[in-house]
Amino acid sequence: MEQNNDGSLSQVRHVVLVLSGKGGVGKSTITTELALALRHAGKKVGILDVDLCGPSIPRMLCVGRPDVHQCDSGWVPVYTDAQKSLALMSIGFLLEDPDEAVVWRGPKKNAMIGQFVSDVAWGELDVLLVDTPPGTSDEHLSVLENLKKHRVDGAILVTTPQAVSTGDVRREITFCKKTGVRILGIVENMSGFVCPHCSECSNIFSKGGGEELAKLTGSMFLGSVPLDPLLSKSIEEGKDFTESFPDSATFRAISSICRTLLNSLETA
């Protein structure tokens, strides 16, 4: 997919939204791990973190709070590696105090999202992942409004297995259909718990809710990611899980989701 030849997204091949119907399902975790998996697959990746009230991805990628610089074409994203293969822009870089609460009314949030979409000099990217807030709020409409002159390839929906979560994601599916956003697929996160001692996976919540929801709504099921202490530890320490534990079942699950996503994007 080729973008228009103007604007900050002119050299971005694919734009993918990451959505969830509710908070706490691990949407930012899935965004981060997908970005790392895409990078390991040889892709140049960007993450636009528009979860203005909960910007957690900078910590997950261990980039701290660097100064954001400007160039002729806008803000320069923060790169997580010397090869500049993973770029990130987040409200977390712009707050003077990392513990500061973003207490903004809608217009100010929408203006900031507009700047994030139009004023970041991403350069050449294969995939830009847009990490959004939970739900179907004004921020989501603002993202879509500001991206309207660029093609959005679609959205990945993140759920946990329980019915209360899949019910909220069902509303997210309705939102996508009403706004004309293609659903690239559903990811079931926290699908079982991987024992740190024996590596056996136990279904402490339940299992299969995401896959069942995909069948009921005619959406693609991208795969399941278990609740893995090794993954949690990597995120807490800002380490690359896909690099540290390439033999784990969780790594294989994330890699499989990454491959399916790439195939879907290339055949769109």
Side-chain angles (χ1 to χ4, degrees), residues 1 3-4 6-32 34-35 45-58 60 68 70 73-78 87-96 100-123 125 127-159 168-184:
M1 184 272 293
Q3 297 282 11
N4 299 330
D6 60 346
S8 63
L9 296 172
S10 61
Q11 295 177 280
V12 177
R13 293 187 63 220
H14 300 291
V15 177
V16 176
L17 306 179
V18 184
L19 307 174
S20 68
K22 67 194 299 340
V25 299
K27 173 180 51 58
S28 295
T29 298
I30 294 297
T31 302
T32 300
L34 263 182
V45 191
I47 300 177
L48 176 56
D49 181 7
V50 295
D51 191 351
L52 301 183
C53 295
S56 54
I57 289 183
M60 291 180 177
V68 174
Q70 287 198 315
S73 51
W75 285 330
V76 179
V78 173
L88 172 62
M89 178 53 70
S90 170
I91 186 69
F93 299 145
L94 306 178
L95 300 176
E96 291 185 9
E100 181 182 344
V102 178
V103 186
W104 293 352
R105 293 189 184 275
K108 190 170 182 180
K109 286 183 178 181
N110 294 340
M112 176 57 72
I113 289 171
Q115 279 192 280
F116 273 170
V117 171
S118 62
D119 295 342
V120 179
W122 292 107
L125 291 180
V127 182
L128 176 65
L129 299 173
V130 184
D131 185 41
T132 65
T136 52
S137 63
D138 194 34
E139 286 101 310
H140 297 82
L141 295 174
S142 183
V143 168
L144 293 175
E145 177 71 18
N146 282 282
L147 284 170
K148 66 182 180 181
K149 60 184 176 183
H150 306 279
R151 176 179 159 194
V152 175
D153 290 76
I156 295 171
L157 278 57
V158 181
T159 185
D168 287 336
V169 173
R170 191 189 295 266
R171 286 186 282 275
E172 199 80 46
I173 290 170
T174 304
F175 170 82
C176 289
K177 290 180 177 177
K178 284 185 175 180
T179 54
V181 176
R182 176 186 173 212
I183 298 172
L184 295 168

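Sequential numbering from 1 along the given sequence is applied to the chain's residues. The structure presented is a predicted model; accordingly, all values stated were derived computationally and were not measured.
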Non-hydrogen atoms of [X] and [Y] that approach each other most closely:
| X | Y | value |
| --- | --- | --- |
| D51 | I91 | O-CG2, 4.3 Å |
| P55 | G92 | CB-N, 3.9 Å |
| W122 | G46 | CZ3-CA, 4.2 Å |
| S8 | V117 | OG-O, 2.9 Å |

In the structure I gave you, are the side-chain heavy atoms of [X] and [Y] within less than 4.5 Å of one another anywhere?
| X | Y | answer |
| --- | --- | --- |
| V68 | M89 | yes |
| L17 | L144 | yes |
| V16 | L34 | no |
| I113 | V143 | yes |
| L141 | T179 | yes |
| L88 | P58 | yes |
| V50 | E139 | no |
| D153 | V127 | no |

[X]: side-chain hydrogen bond (donor to acceptor under 3.5 Å, both in side chains) partners, not counting sequence neighbours:
| X | result |
| --- | --- |
| S142 | N146 |
| S20 | none |
| Q115 | none |

Sidechain-backbone polar pair: [X] side chain, [Y] backbone, donor-acceptor under 3.5 Å:
| X | Y | result |
| --- | --- | --- |
| H140 | P133 | yes |
| K27 | D131 | no |
| T132 | V18 | yes |

About how many Å separate [atom2] of [Y] and [atom1] of [X], when rounded to the nearest 0.5 Å?
| X | Y | atom1 | atom2 | value |
| --- | --- | --- | --- | --- |
| D168 | T159 | CG | OG1 | 8.0 Å |
| T32 | M60 | OG1 | CE | 5.0 Å |
| I30 | L129 | CD1 | CG | 11.5 Å |
| L157 | E172 | CG | CD | 5.5 Å |
| C176 | R182 | SG | CZ | 12.0 Å |

Name all residues meeting the salt bridge (Lys or Arg N to Asp or Glu O under 4.0 Å) criterion together with R170; count only those two or more places apart in sequence or in a different chain, and write none if there are none.
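Applying salt bridge (Lys or Arg N to Asp or Glu O under 4.0 Å) to R170 gives none.
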Can you name the residues that form a salt bridge (Lys or Arg N to Asp or Glu O under 4.0 Å) with D49, not counting sequence neighbours?
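By the salt bridge (Lys or Arg N to Asp or Glu O under 4.0 Å) rule, D49 matches no residue at all.
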Return the set of residues passing ring-ring contact (aromatic ring centres under 6.0 Å, His included) with W75 (not counting sequence neighbours), or none when no residue passes.
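ring-ring contact (aromatic ring centres under 6.0 Å, His included) check on W75 returns F116.
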What's the verdict on side-chain contact (heavy atoms from CB on, under 4.5 Å) for K177 and I173, showing C-alpha distance, side-chain angles and the deciding distance?
CA-CA 6 Å; K177 290 180 177 177; I173 290 170; 3.9 Å; yes
